[in-house]
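Scroll down for the structure; my scribbles are underneath it.
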Amino acid sequence: MPLKKYFTSQFTRHFWESVFVFILLSISFVIYVNSEKQIDRANETRLRSFLLADELRHSSDDLSRMVRTYVVTGDPIYKKHYQEILDIRNGKKPRPINYQNIYWDLVGTDDHRPRPYSTQMISLIEMMREAGFTPAELAKLTEAKNNSDALTETEFAAMKLAESKDSPAERDLQYHKALELLHDEIYHQAKASIMRPIDEFYVLMKQRTDTAVHDAEQRALNLRIVFILIGILFILMLYRLKQTLHTTLGSTIDDVHSHITRIGKGDFSHPIAIKDDNKNSILGWLSETQERLKHLLANNERLKQLYAALSQCNQAIVRSHNEAELFPIICRDAVNFGGMKMAWIGMNNELTQELEIVSYYGEGTDYLNELHISTDPSNPRAHGPTGVAFHENRSVWCQDFQHDPATHLWHEYGKKFGWGASAALPLHRNGKVIGIFTLYAQDINAFDEPAQKLLEEMAMDINYALESFDRDAARQKAEDALQKNQKHLLAIIENEPECVKLVDARGNLLEMNPAGLAMLEAESLEEVQKYSLIDYLLPEWRAAFIALHKKVMNGENALLEFEVKGLKGTKRWLETHATPLRDNDGNVTMLLGITRDTTERKQQEERIRYLANFDHLTGLPNRTQLDSQIKDLLSFSKRNHTHFTVMFLDLDRFKEINDSLGHSIGDTLLIESSGRIAALLR
């Protein structure tokens, strides 16, 4: 890319060169500042050297003053001070703080010290060595120190003379000798031998420190010049970088920033003026970007409108119940929300082999009154965009309506109504083309790839709606038929004299018709559901009923006759025919039971069984029962080798009672007689 190449080869190179010069400038500044500090350090070294030498001189003077004062006054405090001065100089006692300043001149006979002691214990000679003195300088100071130490012997001798314990005359003589020792020519020569090396040290020290200070100052001056030169170079580099930046940007930074700000806010009303030599600058590319953004925003606005139309289309699909409701909304939304000039929908009329316009909206709908589009490929009016979309089953995009040969029959209308582009999308039902959705836009090339995808998605949604309408209609028809059948079935079940019930897999009662409720002596289903079905069965039948339920839930039919007890205490015999009910997956989910009341039949069967073995009047076993018992007795006797007796009783003159008193009295006699006989037997 030219801009990238230009930016990389010139601006970046100048930028990094400026950065390199800035780094040099920073380094030179640091070195220069350090050189200035070297001057300070040289001056500090000179001052420290002077103070150390001066301390040696001062200590010698302080020793002389202390010993002379002691000899004159005899006050032991001065001897103590004398010894303390020696100990501090020799490093045997800690040095007072700021000892180089005036100290012993401020200490009086009360021994009050102007400053406290520090923790430092170091001899003066050692401090001189640490100060970096040259061997010659150190030799001079050592010589002065040694001469001072030698003088202390004379001073100690003077103090000893002053401390004489002899007679007054002798003490006075010793006192004058001590004063003489401290003031004679020998003492002054000894003091001079101390000061002479110190003075020579000053000369050597001044030469050394003056040279060091001068060298540091000269070095600082040179570095100052280098720093200034690099600074001037850096300013020149910045100016060149500014010029390069101006060339790269194509204008001032403020101008470029203002254009970027307008573009960022979506304001394209201020075109960017570009000179020929600025086409490859950032401003030049910004101008090109501005034009592209204008085009993109126009496309985005159109896509935004199409998205809105698609959203409205989906909402219309949800709300509509048939295509007669849907199609007018689709056409209206395509114009009002999608930014189209006009939209219409035509459905195939198989009788006329033409597209029958069923809905339309927008400008230029008068054109549709004379529009005849054939669905027959052999007809010339079937080769426009709409006809091609129908018989080729594909979307047709006419990006320049006024100059497309396929629309030559309608160029006059397109010019009249301001159509720049058109689109024709086939509509399907169950995979078959049944109609066309046609749209007209004002701009040329209005249907770019994103717009085509949105419109095709809209057509797919319409196709889905058409198929959904068919499914809904079929479902509604099936639901109506099912509801009708359910009503018939419900009427049959409600009026069925036998019990019809549904039981789930856990044995809970779900449904029961009125006949079943009556069998259980209940008024409603809720009243029955207060108890489990097992609770209504007599205990001896509950296990069998559970086995029946399990068998049916395993997919088998079952039959069971059992006895129940209703809510009011009435017992009934019931017979249930149970069959499994399955869901869509074939799993057994419920039990359907048809139950009839067999109480009357059971009573009749019991009566028949009773009459077959007993006399209906007296209740005594009849001849059949007698034959059965005799057979049992014969078998028993044969097995056990025993005998039995048969006794026959007869009522005398029974016929006369029937004839004279009637058969009812005779029957009463037989009943009474049989009762007495039965009471006598075991």
Side-chain angles (χ1 to χ4, degrees), residues 37 40-71 73 75-156 158-159 182 187 190-206 208-209 212:
K37 291 182 178 180
D40 296 337
R41 283 193 287 271
N43 288 319
E44 289 175 0
T45 301
R46 177 164 59 183
L47 177 61
R48 178 172 176 77
S49 301
F50 174 80
L51 291 176
L52 290 174
D54 195 55
E55 182 180 339
L56 179 60
R57 181 176 66 82
H58 274 299
S59 65
S60 178
D61 291 342
D62 290 337
L63 289 172
S64 296
R65 182 167 58 85
M66 293 299 173
V67 68
R68 287 173 176 174
T69 305
Y70 174 71
V71 170
T73 63
D75 191 343
I77 191 66
Y78 295 105
K79 183 178 181 180
K80 175 185 177 184
H81 290 169
Y82 179 90
Q83 186 62 47
E84 190 174 350
I85 292 170
L86 286 177
D87 292 341
I88 292 173
R89 190 172 71 179
N90 294 328
K92 295 180 180 180
K93 280 191 175 183
R95 295 170 58 82
I97 297 175
N98 295 327
Y99 190 57
Q100 70 276 6
N101 298 335
I102 296 175
Y103 185 82
W104 290 109
D105 291 330
L106 302 177
V107 180
T109 56
D110 57 356
D111 202 25
H112 176 71
R113 305 303 174 95
R115 290 179 294 278
Y117 286 99
S118 67
T119 58
Q120 186 182 23
M121 293 180 61
I122 183 171
S123 66
L124 183 59
I125 292 299
E126 185 63 29
M127 292 177 65
M128 293 175 179
R129 290 193 184 95
E130 292 179 357
F133 291 171
T134 63
E137 295 170 350
L138 193 59
K140 293 297 180 180
L141 292 176
T142 303
E143 180 184 353
K145 164 70 168 54
N146 294 335
N147 292 337
S148 178
D149 291 342
L151 184 60
T152 58
E153 295 179 2
T154 300
E155 293 170 342
F156 275 114
M159 286 189 288
L182 297 176
Y187 186 84
K191 290 290 289 187
S193 66
I194 297 172
M195 298 305 168
R196 192 178 300 108
I198 294 176
D199 183 63
E200 293 173 355
F201 164 79
Y202 284 148
V203 175
L204 294 175
M205 182 267 293
K206 186 175 185 303
R208 174 175 60 82
T209 56

Inset, instruction - Could you go through the side-chain contact (heavy atoms from CB on, under 4.5 Å) check for Tyr99 and Arg89 one step at a time? - result: CA-CA 11 Å; Tyr99 190 57; Arg89 190 172 71 179; over 6 Å; no

pair [X]-[Y]: side-chain heavy atoms closer than 4.5 Å:
X      : Y      : result
His58  : Ile85  : no
Val67  : Phe156 : no
Lys92  : Leu86  : no
Gln120 : Pro94  : no
Ile198 : Met195 : yes
His81  : Asp111 : yes
Pro96  : Arg113 : no

Legend entry - Working for side-chain contact (heavy atoms from CB on, under 4.5 Å), residues Leu204 and Thr134: CA-CA 9 Å; Leu204 294 175; Thr134 63; 5.7 Å; no

Atom [atom1] in [X], atom [atom2] in [Y]: separation rounded to 0.5 Å?
X      : Y      : atom1 : atom2 : answer
Asn146 : Glu143 : CG    : CD    : 8.0 Å
Met121 : Lys93  : CE    : NZ    : 9.5 Å
Met159 : Thr154 : CE    : OG1   : 10.5 Å
Ile97  : Thr119 : CD1   : OG1   : 8.5 Å
Gln83  : Leu63  : CD    : CG    : 9.5 Å
Glu155 : Ser148 : CD    : OG    : 7.0 Å

Which atoms form the tightest heavy-atom contact between [X] and [Y], and what is the distance?
X      : Y      : answer
Asn147 : Ser193 : ND2-O, 2.8 Å
Tyr70  : Pro76  : CE1-CA, 3.7 Å
Asp105 : Ile102 : CB-CG2, 3.8 Å

Inset, instruction - Kindly determine whether Ile88 and Trp104 satisfy side-chain contact (heavy atoms from CB on, under 4.5 Å), including the steps that lead there. - result: CA-CA 12 Å; Ile88 292 173; Trp104 290 109; 4.1 Å; yes

Inset, instruction - Check whether any side-chain N or O of Lys191 sits under 3.5 Å from a backbone N or O of Leu151 as a donor-acceptor pair, and report yes or no. - result: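 Not confirmed, Lys191 side chain does not pair with Leu151 backbone.
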
Inset, instruction - In sequence, state the C-alpha distance, the side-chain angles, and the governing distance for Asp62 and Arg65, and then conclude on salt bridge (charged side-chain N to carboxylate O under 4.0 Å, His left out). - result: CA-CA 5 Å; Asp62 290 337; Arg65 182 167 58 85; 3.6 Å; yes

